Amino acid sequence: MNDFYGLDSHKMIYHPRRAADVLEANGVWEKGRSIYPIYVEISPIGACNHRCLFCAIDYVGYHPDRLQLAVMRQRLPEMARLGVKSVHFAGEGEPMLHKEIAPMIHAAKTGGLDAALTTNASVLPHDFIDVALPSLSWVKVSINAGTAATYAAIHRPSRKDDFDRVLDHMRAMVEAKRRHRLTCVLGAQALLLPDNASEMETLALLCREIGMDYLVIKPYSQHLSSNNKSYESIDYGQFIGLGERLQALETDRFALIFRERTMRKTLDTTHRYDKCYATPFLWAYIMATGVVSGCSAYLLDPRFEYGNINQQTFAQIWEGERRREGMRFVAQQLDIKDCRLNCRMDDINRYLHAIHTGSPPHMNFI
């Protein structure tokens, strides 16, 4: 499988200075205070037009909170000046429902940040193609079935024709990319579930025909606070062989990224680290309410909430007392047995743990 974009691994190896700073801080506030995140996930809006069966943060409630463009035009350049490298517009709701998502993405790029978007693509704002697409490093469309019937059963959309609308919007983005010779990478993503496993080949062929750059198929990860528990006991051992069959669908223009390595990690959790190294240093999450959290697996948990961008600058939040308390909690009290398996920082934690403990055999024989 051609995982050119490193979707089944991590990219911390490209940020050695930040990794060294985190390990040097080792829970000491004076050393960790000004270590800013490399990556920030931003939820522009809390509302969503789908009620996906697998939604990890359904417990947040799909409230129609939204970030204000005027505030983001101040915070995004500030974040870049402080050392943030990238922002990912995704979050609790569907970001394309925010009426000013296109200028917000443009503000991120012009402010000095790499910008990306994950969307169900059922909505395509009128200015998205012209304003947002040229500013994005990548777009990832969440499409979790190969047929309209299965799509409707899993996504539970508000409109019956959303599957066809999504395909049309994917085609529109591909056509615009080609016409304007844009560098934005257009990908699709599917969670592999018992409900859709038989349709992954169909979905891959659709994505390839449309002209998407890749399709990534990844395992489901149960969020500990999710209302939905339907998929918490999936045995991914039964699906490992699927990747070999799908590999035949790759071409020199279309990559099929089957996240077998991540699936295998769900089968063996014996080699995990003993603490979280990444929080609250390497990433952050901004909710649609403006709350800045150190970890998306603990949204609404006050121990991980550091402030609100509607009332404070990002610097005031990140170097403030609440983050100091959060840093102490993670370093001294957090039991990672209560954390989400295969969380977004899992591979990075494994990497930093290996360096910190000197655990890889013969690590000094470079």
Side-chain angles (χ1 to χ4, degrees), residues 34-48 55-57 59-119 132 135-137 140 223 225 278-323 325-327 330 340 343-345:
S34 59
I35 300 176
Y36 279 86
I38 296 171
Y39 160 91
V40 176
E41 183 170 340
I42 297 174
S43 176
I45 190 168
C48 190
C55 183
I57 49 178
Y59 68 96
V60 175
Y62 309 109
H63 300 296
D65 303 302
R66 66 185 62 216
L67 297 176
Q68 298 303 309
L69 178 60
V71 172
M72 297 307 292
R73 280 179 167 157
Q74 297 177 44
R75 299 292 177 262
L76 290 166
E78 180 205 5
M79 289 160 59
R81 291 193 299 269
L82 293 168
V84 176
K85 303 292 186 185
S86 67
V87 289
H88 174 203
F89 293 95
E92 306 111 71
E94 167 47 50
M96 296 283 231
L97 292 178
H98 195 296
K99 295 186 182 301
E100 296 175 307
I101 186 60
M104 192 178 294
I105 290 171
H106 183 68
K109 183 64 175 178
T110 56
L113 297 162
D114 292 339
L117 170 74
T118 294
T119 173
S135 297
L136 287 164
S137 297
K140 193 179 294 176
H223 193 294
S225 298
T279 305
F281 300 110
L282 298 174
W283 75 316
Y285 185 102
I286 300 178
M287 298 185 68
T289 59
V291 169
V292 176
S293 174
C295 180
S296 69
Y298 289 97
L299 298 183
L300 304 184
D301 187 329
R303 298 172 299 179
F304 292 85
E305 294 181 348
Y306 309 140
N308 191 302
I309 60 168
N310 293 312
Q311 287 89 44
Q312 300 165 281
T313 67
F314 197 78
Q316 288 171 335
I317 294 169
W318 205 251
E319 299 192 29
E321 185 60 28
R322 289 170 66 179
R323 178 171 169 264
E325 294 172 0
M327 180 176 162
V330 172
R340 186 179 184 182
C343 78
R344 193 181 295 273
M345 293 292 113

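Remember, predicted model here, so these are calculated numbers, not experimental data.
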Less than 4.5 Å apart, side chain to side chain, heavy atoms only: is that true for [X] and [Y]?
X	Y	answer
Leu76	Ile42	yes
His88	Thr118	yes
Lys109	Asp114	yes
Cys295	Met345	no
Glu94	Ile45	no

Chi angles and distances behind the side chain to side chain contact (heavy atoms under 4.5 Å, CB included) call for Met79, Tyr36: CA-CA 9 Å; Met79 289 160 59; Tyr36 279 86; over 6 Å; no
With side chain to side chain contact (heavy atoms under 4.5 Å, CB included) as the criterion, how do Glu319 and Ser34 come out once you've worked through the C-alpha distance, each side chain's angles and the decisive distance to 0.1 Å? CA-CA 6 Å; Glu319 299 192 29; Ser34 59; 4.0 Å; yes
Evaluate the side chain to side chain contact (heavy atoms under 4.5 Å, CB included) criterion for residues Trp318 and Leu82: first the C-alpha distance (whole Å), next the side-chain angles of each, then the deciding distance (0.1 Å), finally the verdict. CA-CA 10 Å; Trp318 205 251; Leu82 293 168; over 6 Å; no
Listed partners of Tyr285 passing ring-ring contact (aromatic ring centres under 6.0 Å, His included), at least two apart: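 Here no residue qualifies.
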Using the ring-ring contact (aromatic ring centres under 6.0 Å, His included) criterion, which residues pair with His98? Sequence neighbours excluded. none
Taking all non-hydrogen atoms of both residues into account, name the closest pair between [X] and [Y] and its distance.
X	Y	answer
Phe89	Pro44	CD2-CG, 3.8 Å
Tyr39	Glu41	OH-OE1, 3.7 Å
Met327	Phe281	CE-CZ, 3.6 Å
Ala288	Gly46	CB-N, 3.4 Å

Where does the angle between the aromatic ring planes of Phe304 and Tyr298 fall among parallel (under 30°), tilted (30 to 60°) and perpendicular (over 60°)? parallel
Reference residue Asn310; test side chain to side chain contact (heavy atoms under 4.5 Å, CB included); the match among Thr289, Val291, Val71: Val71
Counting N and O atoms only, with roles assigned by atom type, does the side chain of Ser293 sit under 3.5 Å from a partner on the main chain of Ser296, one being a donor and the other an acceptor? no
Under 3.5 Å, side chain of Arg322 to main-chain N/O of Glu305, donor-acceptor pair present?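 Present.
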Between Met287 and Leu300, is the side chain to side chain contact (heavy atoms under 4.5 Å, CB included) condition met? List the steps. CA-CA 9 Å; Met287 298 185 68; Leu300 304 184; 3.9 Å; yes
Which pairs of donor and acceptor atoms, one on a side chain in residues 61-70, lie under 3.5 Å apart (sequence neighbours left out)?
| unit_1 | atom_1 | unit_2 | atom_2 | d |
| --- | --- | --- | --- | --- |
| His63 | NE2 | Val60 | O | 3.4 |

